[in-house]
2 protein chains.
Amino acid sequence: MRGPWWQKRLYDFGYRLTSPRQIIINILRNTDKHLSAEDIYIDAIKTNPSIGLTTVYRTLDLFSQIGVVQKFDFGEGRARYELTNNPLKKDHHHHLVCVNCKSIIDYTDFVNEELELMNKTEKALSEKYQFNIFHHTINFYGMCSKCRIKE
Amino acid sequence: MRGPWWQKRLYDFGYRLTSPRQIIINILRNTDKHLSAEDIYIDAIKTNPSIGLTTVYRTLDLFSQIGVVQKFDFGEGRARYELTNNPLKKDHHHHLVCVNCKSIIDYTDFVNEELELMNKTEKALSEKYQFNIFHHTINFYGMCSKCRIKE
DNA sequence: ATTCTTATTGAAAATGGTTTTCATTATCAA
DNA sequence: TTGATAATGAAAACCATTTTCAATAAGAAT
Ligand SMILES: [Mn+2]
Ligand SMILES: [Mn+2]
Ligand SMILES: [Zn+2]
Ligand SMILES: [Zn+2]
């Protein structure tokens with residue numbers, strides 16, 4: 001049972017360890033950005049030109065389901081993905097989204113206070129509404145400095 | 001300058017008051033749900049069968065831009081819309097989303113505490129990252145009681 | 001009330017991200 | 001090494017949303 005945590009995750013769910021899955025994980029491990037399926041595909045074919053975009057979608061779906069990656073929709077008409085435990089990233093963070101150029105900033109300011117409140121809220125909500133809560137998102141939407149200058 | 005606030009909004013931006021726009025507003029005024037463009041379209045053609053789905057999309061876009069409606073993406077592959085000042089709804093609220101059946105609950109528990117923290121965070125973020133922040137979202141994702149029973 | 005400008009509309013076609021299909025290939029337990 | 005079957009890639013299908021364009025209607029000017 002040696003190997004990275006995400007391989008254990010695959011194993012536990014009865015999924016196989018394949019080359020495309022390893023390549024995709026490595027791409028996500030080596031970026032601090034929020035990549036789209038196409039971003040990942042373009043990067044992946046540098047390593048193995050025979051990988052299909054379909055497989056990228058399927059893999060990201062699978063990883064989302066077993067909690068290895070998180071899928072986000074910031075309202076640009078395409079999903080973006082982030083490795084759950086990315087060594088290059090701040091651990092738990094929230095997002096600041098530019099509605100104009102769609103750039104995304106990970107922030108951790110007040111994140112401890114946020115988390116404390118979110119935990120309290122989560123507890124109350126799960127009781128009151130009988131919800132089993134898995135995770136949460138906090139997004140701020142606005143306009144970045146670059147976009148404001150251009151206007 | 002008489003008339004509802006959203007009509008003033010149209011006027012201020014130089015847009016015209018049209019029949020489809022009135023119909024769509026009325027649909028949103030009379031629901032406490034989070035409607036998709038198609039939901040609205042299906043309801044709209046009951047009042048005026050000649051309305052096109054294209055117009056529904058264009059109208060919702062316009063209303064989003066001038067702040068009359070809020071557009072949400074809960075990760076189902078389609079957008080949902082909510083009137084900004086809906087008399088049937090709690091004023092400022094956040095969302096609880098079932099990842100299985102996609103049902104959405106508006107909650108206001110701890111919303112004052114949340115808002116207070118969000119304001120503080122917003123101030124810090126807008127300074128630190130030179131962002132002009134317009135609005136925010138808080139979503140909890142989980143599984144509703146009905147879906148949990150079925151599993 | 002009538003005219004005129006142009007914003008708005010509806011139908012049809014196009015777009016583009018994502019999913020489905022299906023025959024082939026690769027993983028891994030036996 | 002073998003067999004069962006999970007995973008893959010290419011092509012086609014899907015489907016929410018956008019674009020195009022000619023016809024219509026809102027509302028300012030007359
Ligand atoms: Mn992030
Ligand atoms: Mn709501
Ligand atoms: Zn920007
Ligand atoms: Zn549910």
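Sequence lines set the chain letters: A, B, ... in the order given, protein chains first and strands last, and positions in each chain run from 1.
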Note: B:Glu82-B:Lys33 ion pair, threshold 4.0 Å (strictly below): no

Closest contact, heavy atoms only, A:Ala44 versus A:Ile51: CB-CD1, 4.1 Å

A:Lys71: salt bridge (charged side-chain N to carboxylate O under 4.0 Å, His left out) partners, not counting sequence neighbours: none

Between P of C:dT8 and CG of B:Asp61, the distance in whole Å: 13 Å

Pairwise side-chain contact, B:Val69 with B:Leu28, heavy-atom cut-off 4.5 Å (strictly under): yes

Nucleotide range of DNA chain D lying under 4.0 Å from chain B heavy atoms: D:dA16 to D:dG27

Carboxylate-amine/guanidinium proximity below 4.0 Å for B:Asp73 and B:Arg80: no

Derivation of the side-chain contact (heavy atoms from CB on, under 4.5 Å) call for B:His94 and B:Thr137: CA-CA 7 Å; B:His94 294 142; B:Thr137 60; over 6 Å; no

Relative orientation of the end axes in the helix from C:dA1-D:dT30 to C:dA30-D:dT1, expressed as an angle to the nearest 10° (five pairs per end): 40°

Between C:dG10 (C1') and B:Arg21 (CZ): distance, integer Å: 14 Å

Protein-to-nucleotide contact annotation, 5' to 3' order, nucleotides 23-30 of chain C [B base; S sugar-phosphate only; - none; under 4.0 Å, heavy atom]: ---BBS--

For DNA chain D, the residues among residues 64-86 of chain B that have a non-hydrogen atom under 4.0 Å from it: B:Gly77, B:Arg78, B:Ala79

Close side-chain approach of A:Ile133 and B:Tyr141, heavy atoms under 4.5 Å: no

4.5 Å side-chain heavy-atom contact, A:Phe140 and B:Glu122: yes

Full working for side chain to side chain donor-acceptor pair (under 3.5 Å) between A:Asp106 and A:His34: CA-CA 10 Å; A:Asp106 295 338; A:His34 305 79; 2.9 Å; yes

Side-chain touch B:Val56/B:Tyr81, heavy atoms, less than 4.5 angstrom: no

Centroid-centroid distance, A:His136 to B:His95, less than 6.0 Å: no

5'-most by nearest nucleotide on DNA chain D - A:Pro49 or B:Ala37: A:Pro49

Nearest-nucleotide comparison on DNA chain C, the residue closer to the 5′ end among B:Gly52 and B:Gly14: B:Gly14

Length of the OH-P vector between A:Tyr57 and C:dG16, whole Å: 13 Å

Donor-acceptor contact present, side-chain A:Thr84 to main-chain A:Gly67, <3.5 Å: yes

Nucleotide C:dT20, atom P - distance to CZ of A:Arg58 in whole Å: 10 Å

Sugar-phosphate only, base, or nothing, as touched by A:Ser36 at under 4.0 Å among non-hydrogen atoms: nothing

Rounded distance in Å - CG (A:Leu53) to C1' (C:dT18): 8 Å

Distance, rounded to the nearest Å, where B:Ile45 contributes CD1 and C:dG10 contributes C1': 13 Å

Geometric class of the B:Phe72/B:Phe74 ring pair [parallel <30°, tilted 30-60°, perpendicular >60°]: parallel

Can you give each donor-acceptor pair under 3.5 Å made by side-chain atoms of residues 13-27 of chain A, sequence neighbours left out, with the distance rounded to 0.1 Å?
unit_1, atom_1, unit_2, atom_2, d
A:Thr18, OG1, A:Arg21, N, 3.4
A:Arg21, NH1, A:Arg16, O, 2.6
A:Asn26, ND2, A:Gln22, O, 3.3

